[in-house]
Amino acid sequence: MNEFSIHHGKWSKGLLAAAGALVKYVAVPILLLFILTGLLESAGGEEFVQQLALPELTTLVALLGAIVAALTFFRGFYPMGSLSRMAFGVASMAAAGVWLWTFTKGGSIALEGSDIALGIDYMALVLLLLLAVVLRGASFVAEMLTYRKEWLATLS
């Protein structure tokens, strides 16, 4: 029995999961970064755009978001109770954790202008969000253990 066989999955569920992840991890964050960049540039804060490395961050967020979406496709593709769904679920949450850390710039921002210096430390919030990602990853293990017998029964 090969649990990673494509015969066990449903394409529609995989595509739906991937589309949701693309919106959540690519489209909305890029839109927010474009809006932030535009607001800062229109207010004369081009130096802050460079200090925050917003163009590079936008590219990196898009790349990492696409990886999360690809892994999420397979998580949605395979049925509950299968080892394959659990593996891709945990992998997608690990990638989401990297995405979150990158998007939040590690929980600390320091900006220095000609007449202003600003430092923001929001590490506690980022760690709380990372804990939620870890718990979501653990839920895929619990889901596999819960639905395992039912899924194995469908194979007979």
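On a predicted model such as this, the values are computed, not experimentally measured, just so you know. Excluded from the calculations below are hydrogen atoms, water molecules and symmetry mates; all remaining heavy atoms, backbone and side chain alike, are included.
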Between the CG atom in Leu31 and the CG atom in Leu36, the distance rounded to the nearest 0.5 Å is 11.5 Å

Q) Once the angle between the rings of Phe74 and Phe77 is folded into 0 to 90°, is it parallel (under 30°), tilted (30 to 60°) or perpendicular (over 60°)? A) perpendicular

Check your understanding: Do Trp101 and Leu60 share a hydrophobic cluster, counting only Ile, Leu, Val, Met, Phe, Trp and Tyr and linking them when any side-chain heavy atoms are less than 4.5 Å apart?
Key -> yes

Pair Val68-Lys24, side chain to side chain contact (heavy atoms under 4.5 Å, CB included): steps then yes or no: CA-CA 10 Å; Val68 172; Lys24 182 177 180 180; over 6 Å; no

Rounding to 0.5 Å, atoms CG (Leu100) and CG (Leu64) come to a distance of 11.0 Å

Donor-acceptor check, side chain of Tyr78 to backbone of Ala87, threshold 3.5 angstrom: yes or no? no

Taken to the nearest 0.5 Å, the spacing of Leu130 CG from Leu125 CG works out to 10.0 Å

message = With a 6.0 Å cut-off (strictly less than), is the heavy-atom count around OH of Tyr147, excluding the residue itself, greater than 12?
response = no

Check: Trp99 ring centre within less than 6.0 Å of Phe103 ring centre
yes

query = Would you say the side chain of Tyr122 lies within less than 4.5 Å of the side chain of Ile109, judging by non-hydrogen atoms?
reply = yes

Here the gap from Leu83 atom CG to Trp151 atom CH2, rounded to the nearest 0.5 Å, amounts to 8.0 Å

Within the supplied structure, the quantity of interest is the number of heavy atoms (other residues, nucleotides, ligands) at a distance under 6.0 Å from Lys105 NZ; does it exceed 12?
yes

State yes or no: do Leu57 and Phe34 share one hydrophobic cluster built from I, L, V, M, F, W and Y residues joined by side-chain heavy-atom distances below 4.5 Å, directly or via other members? no

In short, Ala69 meets Ala21 closest at the heavy-atom pair CA-CB, 3.7 Å

Side-chain donor/acceptor of Arg85 to backbone N/O of Arg75, under 3.5 Å:
yes

